[in-house]
2 protein chains.
Amino acid sequence: MQLSNSSQYAIRILAYMADNKDSKLLNATELAKTLYIPYKFLTKIMTELVKSGLVVSIRGRDGGYKFEKKTSEIMVSDILAIFNDSIKNEQCVLGIGFCNGLCKCALHDQWIEPKHLLQKMFQESSLEDIAGKGCKI
Amino acid sequence: MQLSNSSQYAIRILAYMADNKDSKLLNATELAKTLYIPYKFLTKIMTELVKSGLVVSIRGRDGGYKFEKKTSEIMVSDILAIFNDSIKNEQCVLGIGFCNGLCKCALHDQWIEPKHLLQKMFQESSLEDIAGKGCKI
DNA sequence: AATTAATTCTACCTTTAAGTAGTATTTATA
DNA sequence: TATAAATACTACTTAAAGGTAGAATTAATT
Ligand code: SF4
Ligand code: SF4
C-alpha cells in the first residue's frame with residue numbers, strides 16, 4: 001500500500017526543483033547527490049519526465065533540467081499518471097476487476113472515503129502548493 | 001498504491017469464509033474455484049493464515065479450514081500484518097525514512113488525513129463487519 | 001491394510017520492479 | 001577543433017513478488 005519508488009522519487013525530485021526554481025538549471029549529478037537517489041535511476045526517471053512534457057532538458061555542457069510548465073499547473077496526480085500509479089475511481093481495494101457501482105465487494109463501503117481523500121490529495125496538490133513545505137527532501 | 005495480491009486474496013478468502021461459517025469446513029479446492037485464486041497460491045496463503053493463528057486446518061480426508069477466533073475478533077489489519085502490508089503510523093508517503101513529527105516531507109500535511117482513514121478502515125473493520133456485504137467475492 | 005482426499009513442505013519458475021553499465025549524442029568553452 | 005560535461009539510448013543485472021510442481025504427511029473410509 002504505497003507508491004512505487006519511481007513515483008516517490010519523481011515527486012521528491014520535482015518538489016525539490018520547485019523549491020529551487022529560481023536557480024537557472026539543475027543537473028542530474030546534483031539532484032542525485034542532494035536527494036540520495038541512485039544517479040542512473042534518476043536520469044532514467046528524468047528522461048520520462050521530459051518525454052511527458054513536465055520538464056525540459058538542456059543537453060550538453062552546462063545543461064540540466066527546468067520546468068516546462070508552471071509549478072502551479074503540475075499536479076501530483078500528473079506525476080503519478082506517468083508511472084501508472086494513479087488512484088483510479090474504479091480501482092477495487094480487493095483487486096476484483098472494475099467497480100460497476102452495483103455489485104460491491106466486501107470492503108467497498110469502507111474504501112470509498114479513503115479512496116476519495118487519496119484522489120483529492122493527489123489531484124489537488126500542485127508542485128507550487130507543496131514547494132518549500134518540507135524540511136525532508 | 002494498492003495492497004499486495006497476497007493481502008487481497010487473504011481478505012477475500014476470509015471474508016468468504018465468514019460469509020459461510022455455518023458450513024463445517026471449507027477446503028482449498030472449493031475456495032480456489034469459487035474465488036478464482038490459483039490453487040497452489042491459495043494453499044500457500046492458507047498455511048500462513050494457519051501459522052498466524054487466524055484459522056485452523058484439519059488435515060487428511062474431509063479436511064479443510066475453519067476460523068480459530070471469532071470473526072468479530074479478526075480485524076482486516078490483522079490480516080495485512082501477516083503480509084507486511086499494514087499502514088504504519090510512521091510510514092512516509094514519499095518513502096523518506098521515518099517520520100519524527102518535526103521534520104516534514106513536502107506532502108506530509110496532505111497525507112495525514114488519508115493515512116488515518118486507511119488505518120481506520122483496516123483497524124476497525126472486522127470480518128464480521130464485512131461478511132455478507134459484497135456480491136463480488 | 002489399502003485407498004483416497006485433504007493439508008504441508010521444499011524447491012523451483014516467471015514476471016515485474018528496481019537498479020546498473022556503457023556508449024552515443026549534444027553543446028559550451030578554451 | 002578538441003575537450004569536457006551534460007543528457008539520452010540500449011541493454012543488462014539484481015531483487016522481490018507472484019505463481020507452480022511434486023512429494024510428504026495426515027486421517028477418514030472401505
Ligand atoms: S464496490 Fe468493491 S469491487 Fe467495486 S470498487 Fe468498490 S471496493 Fe472495489
Ligand atoms: S512528515 Fe513527511 S516524512 Fe514524515 S511521515 Fe509525514 S509524510 Fe512522511
Side-chain angles (χ1 to χ4, degrees), chain A residues 1-14 17 23-68 80 82-86 94-96, chain B residues 1-14 17 23-68 80 82-86 94-96:
Chain A
M1 201 72 183
Q2 60 176 22
L3 298 172
S4 66
N5 281 12
S6 294
S7 287
Q8 293 181 335
Y9 286 157
I11 294 170
R12 288 176 52 215
I13 292 164
L14 294 172
M17 287 178 63
S23 67
K24 211 53 185 168
L25 286 178
L26 292 169
N27 66 50
T29 306
E30 180 189 341
L31 289 171
K33 271 187 190 144
T34 309
L35 301 168
Y36 301 100
I37 297 172
Y39 172 80
K40 281 290 197 179
F41 198 17
L42 182 135
T43 58
K44 186 187 264 187
I45 289 170
M46 292 313 291
T47 301
E48 296 191 69
L49 296 180
V50 169
K51 285 181 179 164
S52 305
L54 266 53
V55 306
V56 293
S57 62
I58 312 295
R59 297 180 65 164
R61 183 167 167 173
D62 296 341
Y65 304 96
K66 66 179 178 185
F67 284 107
E68 166 84 331
L80 300 188
I82 297 168
F83 303 97
N84 285 312
D85 246 337
S86 303
L94 298 185
I96 315 175
Chain B
M1 201 73 183
Q2 60 175 20
L3 297 173
S4 66
N5 281 11
S6 294
S7 286
Q8 293 182 335
Y9 286 159
I11 295 170
R12 289 176 51 216
I13 292 164
L14 293 172
M17 286 177 63
S23 68
K24 212 54 186 167
L25 286 177
L26 292 169
N27 66 50
T29 306
E30 180 188 341
L31 288 172
K33 272 189 191 144
T34 307
L35 300 169
Y36 300 99
I37 298 172
Y39 172 80
K40 282 290 197 178
F41 198 17
L42 181 135
T43 58
K44 186 188 264 186
I45 290 171
M46 292 313 292
T47 301
E48 294 191 72
L49 297 180
V50 169
K51 284 180 179 163
S52 306
L54 266 53
V55 306
V56 292
S57 62
I58 312 296
R59 296 180 65 164
R61 182 166 168 172
D62 296 343
Y65 303 96
K66 65 179 179 183
F67 285 108
E68 166 85 331
L80 299 188
I82 297 168
F83 303 97
N84 285 313
D85 245 337
S86 302
L94 297 185
I96 315 175

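Residue numbering restarts at 1 for every chain, and letters A, B, ... go by the order of the sequence lines.
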Here the residues of residues 24-39 of chain A within 4.0 Å heavy-atom distance, strictly under, of DNA chain D are A/Asn27, A/Ala28, A/Tyr39

Answer with base, sugar-phosphate or nothing: what part of the nucleic acid does A/Tyr9 contact at a heavy-atom distance below 4.0 Å? sugar-phosphate

Rounded interatomic separation in angstrom, taking CD from B/Gln2 and P from D/dA17: 14 Å

Identify which nucleotide among D/dG19, C/dC9, C/dT8 has an atom closest to any side-chain atom of B/Ser57, counting heavy atoms from C-beta outward. C/dT8

Quick one: do B/Ile45 and B/Phe83 satisfy side chain to side chain contact (heavy atoms under 4.5 Å, CB included)? Show the steps, please. CA-CA 10 Å; B/Ile45 290 171; B/Phe83 303 97; 4.0 Å; yes

To the nearest 0.5 Å, tell me how far B/Met17 CE sits from B/Tyr65 OH. 9.0 Å

Listing, residues 24-40 of chain A side-chain donor-acceptor contacts under 3.5 Å, not counting sequence neighbours, or none:
residue : atom : partner : partner atom : Å
A/Asn27 : OD1  : A/Thr29 : N            : 3.2
A/Asn27 : OD1  : A/Glu30 : N            : 2.9
A/Thr34 : OG1  : A/Glu30 : O            : 2.7

Look at the side-chain N and O atoms of B/Thr47 and state whether any lies under 4.0 Å from the OP1 or OP2 oxygen of C/dT8. yes

Closest non-hydrogen atom pair between B/Val50 and B/Val56, with its separation: CG2-C, 4.4 Å

I need the B/Leu42 CG to B/Ser6 OG distance, nearest 0.5 Å. 10.5 Å

For D/dG19, take OP1 and OP2 only and decide whether either is under 4.0 Å from a side-chain N or O of B/Asn5. yes

For A/Lys51 and D/dC9, is the shortest distance between a side-chain N/O and OP1 or OP2 below 4.0 Å? yes

Measure CG/B/Asn84 against P/D/dG18 and give the value in whole Å, please. 12 Å

Quick one: A/Met46 CE to D/dA8 P, roughly how many Å, whole number? 8 Å

B/S/- along nucleotides 22-30 of chain D (protein heavy atoms under 4.0 Å) is B--BBBBS-

In whole angstroms, how far is the P atom of D/dA21 from the CG atom of B/Leu42? 15 Å

